[in-house]
Amino acid sequence: MNAPQSNRAWPETLTRVPYWVYQDAELLAEEQRRIFEGPVWNFLCLEMEIPNRGDWRATHLGAMPVVVTRDIDGAIRAFENRCAHRGALICIDDSGNVLRGFHCVYHSWRYDLKGNLIGIAFKDGVNGKGGMDKAFCMEAHGPRKLRTASVCGLVFGTLSPDTPPIEDYLGAEILGRMKRVLKKPVRILGKFTQALPNNWKLYIENVKDTYHASLLHTFFATFRITRLSQGGGVIVTGSGAHHVSATIAPSGGRPHGDSRPDVAFSKEAVPTNKEGSYRLADPSLLESVDEFGDRIQLQILSVFPGFVLQQIHNCLAVRQVLPKGIEATDLNWTYIGFEDDTPELRRMRLKQANLVGPAGFVSMEDGAVGGFVQRGVATAPNEQAIVQMGGELAESQDTRATEASVRGFWKAWRACMGI
């Protein structure tokens with residue numbers, strides 16, 4: 001279905017977002033070129049997914065298929081997953097190990113772990129006939145190569161020579177909060193891909209929206225997990241590109257899972273049943289430990305354009321946001337723990353994983369609400385969203401009752417897009 005016509009106008013203020021930005025096919029192609037292939041660092045994979053020489057992992061840079069490898073010398077390489085011959089995928093599986101390099105299944109063109117073209121089947125022809133022209137130079141052909149950088153066990157990639165060093169790109173505050181969570185070697189506990197029925201930017205907005213949680217996610221309020229009156233706030237980098245939202249655990253109160261009235265929630269509307277309260281059949285779902293020693297019970301960190309690091313109690317995960325069309329997004333989840341976790345802590349992480357994801361008690365709403373917006377604005381390309389909670393600027397605040405980090409995203413997005 002063709003999107004309704006828009007005038008592509010944009011207001012001067014960051015507090016208004018025109019709905020045509022979620023509907024324009026030409027804009028999506030421009031985002032791929034100017035953002036994902038531009039001067040940004042894109043999350044590709046975890047280092048521990050390619051621990052050995054010859055290990056490789058298929059991933060994406062926006063819409064571009066990419067291969068990440070561990071080279072013979074131990075260095076991490078990345079290149080476009082596209083054969084230089086006829087454009088087929090070089091790697092059709094998700095991961096593997098190929099010390100001798102790759103070959104395309106279509107015509108067996110071969111590549112080393114750096115992405116260099118090193119062999120062509122029947123290059124010299126058969127029985128003196130056919131083959132490639134003698135002047136053909138393999139070194140001049142091959143998939144595009146990415147610069148890579150690793151930080152806290154995360155692998156990022158960029159196509160642009162203008163992208164600053166990863167530490168400068170993140171900034172001290174974001175890097176510090178990243179190191180807070182990823183403080184030691186990790187172990188993957190599980191992974192899956194969630195298909196979202198909306199434009200990728202709507203999910204990024206949701207991640208950066210720091211005050212919807214106690215409204216949209218009624219599980220949080222029902223079981224007294226988080227509320228806006230708790231301590232915490234939001235960090236927004238100067239460019240607006242990255243953010244961290246944190247919630248401080250209350251110093252006292254009732255145990256998790258005890259939904260009896262308490263003073264902290266006395267002025268807030270909390271869902272109840274006819275008996276006056278809901279209770280979990282297994283309250284241990286909400287048991288947690290302060291493993292970071294700072295009483296931060298929930299931290300959501302994002303790196304522009306599409307990376308998310310979550311800590312919800314002891315449930316740790318990284319998320320990769322990938323556009324798949326104007327109204328389609330893939331959200332890749334990887335749940336993690338630490339190599340030295342006790343069996344008890346690992347069980348706690350796995351149990352708490354039921355809070356998030358497409359069927360989670362909390363965040364299943366996030367997977368649906370973007371679709372509600374996509375459908376709601378279907379015939380209103382020239383109308384505008386109001387993003388004015390907490391003021392008009394994209395700046396750090398000591399409250400989560402703000403949309404400052406959402407405005408920050410649009411500040412960074414507009415800078416990349418030249419709008």
Side-chain angles (χ1 to χ4, degrees), residues 14-17 19 21-22 194 196-236 240 242-249 264-265 267-271 296-302 304 306-313 315 317 319 321 329 331 333 355-377 384-411 413:
L14 291 173
T15 66
R16 298 294 185 271
V17 180
Y19 293 131
V21 298
Y22 313 115
Q194 180 180 0
L196 304 177
N198 51 264
N199 188 275
W200 71 277
K201 298 184 290 297
L202 285 170
Y203 184 77
I204 295 295
E205 283 186 310
N206 179 271
V207 166
K208 291 175 176 282
D209 181 329
T210 54
Y211 88 101
H212 78 274
S214 59
L215 300 170
L216 176 66
H217 305 315
T218 55
F219 189 94
F220 272 155
T222 301
F223 294 100
R224 274 58 173 183
I225 298 173
T226 183
R227 58 186 182 277
L228 285 177
S229 56
Q230 288 175 231
V234 59
I235 297 170
V236 183
H242 324 308
H243 102 291
V244 180
S245 173
T247 303
I248 305 297
F265 275 85
K267 296 182 180 181
E268 300 187 29
V270 177
I296 295 178
Q297 67 178 19
L298 190 152
Q299 176 180 289
I300 302 295
L301 178 154
S302 71
F304 186 88
F307 171 77
V308 182
L309 170 64
Q310 76 160 49
Q311 174 233 328
I312 300 176
H313 292 309
C315 180
R319 313 176 199 169
V321 183
T329 299
L331 177 58
W333 294 76
L355 293 173
V356 292
F361 291 124
V362 175
S363 68
M364 63 177 174
E365 297 97 341
D366 292 328
V369 75
F372 298 161
V373 176
Q374 193 79 52
R375 290 154 58 188
V377 305
Q384 301 171 354
I386 301 169
V387 190
Q388 206 163 347
M389 182 69 71
E392 298 187 355
L393 301 178
E395 59 185 3
S396 301
Q397 298 185 22
D398 60 359
T399 177
R400 289 177 293 121
T402 178
E403 291 167 317
S405 47
V406 180
R407 291 190 290 273
F409 170 75
W410 288 111
K411 179 181 178 180
W413 183 91

Under 3.5 Å, side chain of [X] to main-chain N/O of [Y], donor-acceptor pair present?
X	Y	value
Ser405	Lys208	yes
Asn198	Trp200	no
Ser363	Gly357	yes

Atom [atom1] of [X] and atom [atom2] of [Y]: how far apart are they, to the nearest 0.5 Å?
X	Y	atom1	atom2	answer
Leu301	Arg319	CG	CZ	11.0 Å
Asp366	Leu202	CG	CG	12.0 Å
Gln297	Ile248	CD	CD1	8.5 Å
Ile312	Leu355	CD1	CG	7.0 Å

In the structure I gave you, are the side-chain heavy atoms of [X] and [Y] within less than 4.5 Å of one another anywhere?
X	Y	result
Ile386	Arg16	yes
Pro197	Gln374	no
Trp413	Val17	no
Val236	Glu395	no
Ile296	Thr247	no
Thr210	Gln397	no
Val387	Leu14	no
His243	Val207	yes

Side chain to side chain donor-acceptor pair (under 3.5 Å) partners of His242, counting only residues at least two apart:
none

Thr15 vs Glu403, side-chain contact (heavy atoms from CB on, under 4.5 Å): CA-CA, chis, key distance, verdict
CA-CA 9 Å; Thr15 66; Glu403 291 167 317; over 6 Å; no

Counterpart residues, salt bridge (charged side-chain N to carboxylate O under 4.0 Å, His left out), relative to Lys201 (two or more places apart)
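In terms of salt bridge (charged side-chain N to carboxylate O under 4.0 Å, His left out), with neighbours along the sequence ignored, Lys201 is linked to Glu31.
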
Tyr19 and Tyr22 aromatic ring geometry - parallel, tilted or perpendicular at 30°/60° bounds:
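Judged by the thresholds at 30° and 60°, the geometry between Tyr22 and Tyr19 is tilted.
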
Students often mix this up, so state it plainly: with edges at 30° and 60°, are the rings of Phe361 and Phe219 parallel, tilted or perpendicular?
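Ring orientation of Phe361 relative to Phe219: parallel.
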
Please report the shortest heavy-atom distance between Asn199 and Val21, naming the atom on each side.
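Smallest interatomic distance, heavy atoms only, reads ND2-O, 4.1 Å.
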
For a quick test of reading the model, state the closest non-hydrogen atom pair linking Arg400 to Ser245 and the distance between them.
CD-OG, 3.8 Å

Can Gln194 and Tyr203 be said to form a side-chain contact (heavy atoms from CB on, under 4.5 Å), step by step?
CA-CA 12 Å; Gln194 180 180 0; Tyr203 184 77; 5.9 Å; no

Using the test ring pair (Phe, Tyr, Trp, His ring centres under 6.0 Å), find all partners of Phe307 that sit at least two apart in sequence or belong to another chain.
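So Phe307 forms a ring pair (Phe, Tyr, Trp, His ring centres under 6.0 Å) with Phe43, Phe156.
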
Return yes if a side-chain donor-acceptor contact under 3.5 Å exists between Arg407 and Gln388, otherwise no.
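Arg407 vs Gln388: no donor-acceptor pair found between side chains.
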
Tell me, with the steps shown, if Phe372 and Val369 meet side-chain contact (heavy atoms from CB on, under 4.5 Å).
CA-CA 5 Å; Phe372 298 161; Val369 75; 4.2 Å; yes

Between Asp209 and Tyr211, is the side-chain contact (heavy atoms from CB on, under 4.5 Å) condition met? List the steps.
CA-CA 6 Å; Asp209 181 329; Tyr211 88 101; 3.5 Å; yes

